[in-house]
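Numbers here simply count residues along the sequence, with the first being 1. As the structure is a computational prediction, the values presented were derived from the model and not from experiment.
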Amino acid sequence: MSTRRRVSTRISAISESATLAVDAKAKAMKAAGRPVIGFGAGEPDFPTPDYIVEAAVAAAREPRFHKYTPAGGLPELKQAIAAKTRRDSGYEADASRVLVTNGGKQAVYEAFATLLDPGDEVLVVAPYWTTYPEAIKLAGGVQVDVVTDETTGYLASVEQLEAARTDRTKVLLFVSPSNPTGAVYSREQTVEIGRWAAEHGLWVVTDEIYEHLTYGGAEFTSIATAVPELGDQVVILNGVAKTYAMTGWRVGWLIGPSDVVKAATNLQSHATSNVSNVSQMAALAAVSGDLSAVARMREAFDRRRQTMVRMLNEIPGVLCPEPKGAFYAYPAVKELIGKELRGRRPGSSAELAELILEEAEVAVVPGEAFGTPGYFRLSYALGDDDLVEGVSRLAKLLTEAH
Ligand SMILES: Cc1ncc(COP(=O)(O)O)c(C=O)c1O
C-alpha cells in the first residue's frame with residue numbers, strides 16, 4: 001500500500017471556515033424544526049436591488065456573454081470599477097490595473113499568492129477574518145499577529161505594529177472597517193499607519209469591502225489614497241457583495257501595480273478564467289449606479305447595531321465596544337468562561353457558543369475563529385425582531401451563569 005498521503009499536506013492544513021460551520025449547524029437545526037436565531041451570517045439580509053438583477057437577466061440573453069471573455073474581467077466593468085474607485089475613495093487607477101475576481105475571497109487569495117514567497121511575513125491585526133490566515137498559509141507566507149482587544153476598540157497602534165515587524169516582514173494587511181470587530185480607523189490613524197508602512201518599505205494589502213458601511217460619524221479612509229508615500233506598493237481588495245447585497249453573485253476585484261495585476265491575472269487565467277459574464281454585467285450595473293440602496297441598508301444596520309450593543313452590554317459578564325462599521329458586534333465574554341451554566345462549565349468561548357446553541361437556540365461565532373478566544377462575533381444583518389428575540393434569549397441564559 002502506498003504510504004503517500006491521500007490529501008496533500010498543504011491542503012490538509014486548511015481549516016473549515018468556522019463562520020460557515022456555525023451557519024451550517026444553525027441551518028440544520030432550523031431545518032429540523034428548531035427555532036434557531038442565527039447571528040453567524042456574514043451577509044446582508046436584503047435582496048439584490050432590482051435594477052442589478054435586470055441587468056443580469058438582459059446579459060443572460062446576449063449570446064456574446066455565453067462565451068469565454070478575457071480572464072481578467074470585461075473591459076467595461078474594469079473601466080467602471082476604476083471610475084467607482086475614483087468616486088468613492090479618490091484613488092486614481094487606470095482600468096488596466098483592475099483584476100475582476102470571483103468574489104472578494106479570490107482577490108484575497110490572489111493578492112497573497114502573488115506577493116508572498118515562502119517565509120515572507122504578513123502583519124495581521126487580530127481579531128481577523130478567518131480567510132486571511134488560510135490564504136497567507138497557502139501562499140507559503142507567515143502570519144504575524146498583532147493582537148488588539150476591547151480596551152482600544154480593537155484598533156492597533158503603530159507601536160504594536162513596529163514591535164511585530166522583522167526583517168522578513170513584507171506586507172501589512174489593513175482592514176477598515178473590520179470584520180469581525182467593526183473597528184474603523186480614523187483618517188489620522190490611517191495616515192500614521194500608512195506612513196509607518198511606507199517608511200519601512202512594506203506593501204499594504206487593504207481590504208475595503210465594507211467601505212460604505214460606517215456609522216455614528218465614523219468615516220472610511222482609503223489608506224491607498226490617504227498615504228501617497230506608499231507609492232505602487234498597495235493592493236486594494238474590494239467587491240460588490242456587502243455594498244449591494246450581492247454575496248451570491250461572486251464578483252470582487254483587486255487593484256494594484258501593473259506587474260502584480262498581470263501576474264495575478266495569469267494565475268486566475270489558469271485557475272478560474274473569467275468571472276461569470278452574467279454576474280459581471282450585474283456588477284457593472286451596481287458599481288455604475290448610485291449608492292441609494294446601500295444608504296437604505298446602512299440605516300437599518302445602524303438601528304440594529306445600536307439595539308444590539310445596548311442589549312449586549314446589559315448582560316452581566318459581557319462587554320461590547322461600539323462597532324463603527326461593517327455589520328458585526330464583537331463582545332468580550334471572558335468573564336463568563338469557567339462559570340457554571342445549566343449544569344455545565346464551558347472552558348472556552350467555543351464551548352460556551354455550543355452551549356448557547358443547544359440551550360438558547362441562538363448561533364454566535366466564537367472568537368476562536370478570529371484568532372482571539374474569549375469573544376463572540378454577532379452579525380446584526382438580520383431582521384429587527386429576530387435580533388431582539390435572539391439577544392433576549394442570550395441574556396436570559398447568560399444571566400444564569402454563576
Ligand atoms: C473582510 C472581508 N473581505 C472580503 C470578503 C469577501 O467577500 P466575497 O468573497 O463574498 O466577495 C468578506 C466576506 O465575508 C469579508 O468579510
Side-chain angles (χ1 to χ4, degrees), residues 14-30 34 36-45 104-105 108 124-135 145 147-150 154 175 177-183 207 209-210 213 241-242 247 301 304-305 308-309 311-312 315 317-321 323 325-337 341 346-383 386-387 389-391 393-395 397-398:
I14 300 177
S15 329
E16 179 184 16
S17 159
T19 49
L20 292 184
V22 169
D23 208 40
K25 187 160 178 192
K27 280 183 178 144
M29 284 173 68
K30 240 183 186 164
R34 295 180 64 181
V36 173
I37 293 182
F39 290 106
E43 58 186 342
D45 59 321
K105 267 188 185 168
V108 171
V124 178
V125 175
Y128 45 73
W129 180 46
T130 46
T131 287
Y132 302 131
E134 307 303 339
D145 288 356
V147 181
T148 63
D149 65 20
E150 64 281 13
Y154 307 107
V175 188
S178 151
N179 172 8
T181 65
D207 187 336
I209 204 154
Y210 292 102
L213 294 174
K242 317 287 175 173
T247 47
F301 290 151
R304 298 166 185 175
R305 171 186 78 105
M308 177 179 271
V309 172
M311 290 181 74
L312 286 172
I315 306 174
V318 175
L319 189 76
C320 186
F327 39 64
Y328 311 98
Y330 202 73
V333 295
K334 289 175 272 196
E335 283 184 29
L336 296 169
I337 311 296
L341 189 52
S348 64
S349 42
E351 284 177 27
L352 184 58
E354 236 179 277
L355 190 149
I356 290 169
L357 185 53
E358 285 159 23
E359 296 287 330
E361 297 176 317
V362 167
V364 300
V365 188
E368 279 83 349
F370 311 105
T372 56
Y375 297 81
F376 287 159
R377 187 191 78 173
L378 285 84
S379 161
Y380 46 84
L382 77 171
D386 274 0
L387 185 149
E389 167 66 18
V391 186
R393 283 192 208 165
L394 200 63
L397 175 69
L398 294 180

*Answer whether the closest heavy-atom distance between the side chains of Tyr328 and Asn179 falls below 4.5 Å.*
yes
_Tell me the closest heavy-atom pair linking Ala135 and Val108, and the distance in Å._
CB-CG1, 3.9 Å
*Under the criterion side-chain contact (heavy atoms from CB on, under 4.5 Å), which of Leu336, Leu352, Leu312 is the partner of Phe376?*
Leu352
*side chain to side chain contact (heavy atoms under 4.5 Å, CB included) between Glu354 and Lys25, worked out*: CA-CA 10 Å; Glu354 236 179 277; Lys25 187 160 178 192; 4.1 Å; yes
*Is any side-chain heavy atom of Ser178 closer than 4.5 Å to a side-chain heavy atom of Tyr154?*
no
*Using a 4.5 Å cut-off on heavy atoms from C-beta on, say whether the side chain of Tyr128 contacts that of Pro133.*
yes
_Would the distance check show the side chain of Asp207 and the main-chain N or O of Ile209 forming a donor-acceptor pair, the cut-off being under 3.5 Å?_
yes
*Got a second to check how far Ile315's CD1 is from Leu394's CG, nearest 0.5 Å?*
4.5 Å
*Do you know the tightest heavy-atom contact between Gly383 and Asp45?*
N-OD2, 3.6 Å
*Check: Arg377 side chain, Ala369 main-chain N or O, donor-acceptor pair, under 3.5 Å*: no
*Would you check if Ile37 and Glu361 make a side-chain contact, meaning some heavy-atom pair closer than 4.5 Å?*
no
*Distance-minimising heavy-atom pair for Val365 and Gly40*: CG2-CA, 3.8 Å
_Contacts of Tyr380 that satisfy ring-ring contact (aromatic ring centres under 6.0 Å, His included) - sequence neighbours left out_ = none
*Under the side-chain hydrogen bond (donor to acceptor under 3.5 Å, both in side chains) rule, collect the residues that match up with Glu351, sequence neighbours excluded.*
none
_Side chains of Asp149 and Thr372 in contact at under 4.5 Å (non-hydrogen atoms)_ = no
*Tell me, please, which residues at least two apart from Tyr375 pass side-chain hydrogen bond (donor to acceptor under 3.5 Å, both in side chains).*
Glu150, Lys334
*Out of curiosity, Met29 CE to Leu357 CG, how far, rounded to the nearest 0.5 Å?*
4.0 Å
*Check whether any side-chain heavy atom of Thr247 lies under 4.5 Å from a side-chain heavy atom of Pro44, and answer yes or no.*
yes
*Could Arg393 and Asp386 be called an ion pair, given the rule that one side-chain N must be under 4.0 Å from one carboxylate O?*
no
*Once you round to the nearest 0.5 Å, how far does CZ of Arg34 lie from CD of Glu358?*
7.5 Å
*Residues in side-chain hydrogen bond (donor to acceptor under 3.5 Å, both in side chains) contact with Lys27, at least two apart in sequence or another chain*: Asp23
*By side-chain hydrogen bond (donor to acceptor under 3.5 Å, both in side chains), which residues pair with Ser348, not counting sequence neighbours?*
none
*asked:* Could you check whether any side-chain heavy atom of Lys105 comes within less than 4.5 Å of a side-chain heavy atom of Trp129, counting everything from C-beta outward?
replied: yes
*Give the C-alpha distance, both sets of side-chain angles, the deciding distance and a yes or no for side chain to side chain contact (heavy atoms under 4.5 Å, CB included) between Val175 and Val125.*
CA-CA 8 Å; Val175 188; Val125 175; over 6 Å; no
_Ignoring hydrogens, what is the shortest heavy-atom contact between Pro177 and Ala326? Give both atom names and the distance._
CB-N, 3.7 Å
*Do the side chains of Ile337 and Pro346 get nearer than 4.5 Å, heavy atoms only?*
no
*asked:* Suppose we screen for salt bridge (Lys or Arg N to Asp or Glu O under 4.0 Å). Which residues come up paired with Glu335, at least two apart in sequence or across chains?
replied: none
*Check whether any side-chain N or O of Ser349 sits under 3.5 Å from a backbone N or O of Pro373 as a donor-acceptor pair, and report yes or no.*
no
*Indicate yes or no for a side-chain donor-acceptor contact from Ser379 to the backbone of Ala41 under 3.5 Å, with no hydrogens or angles considered.*
yes
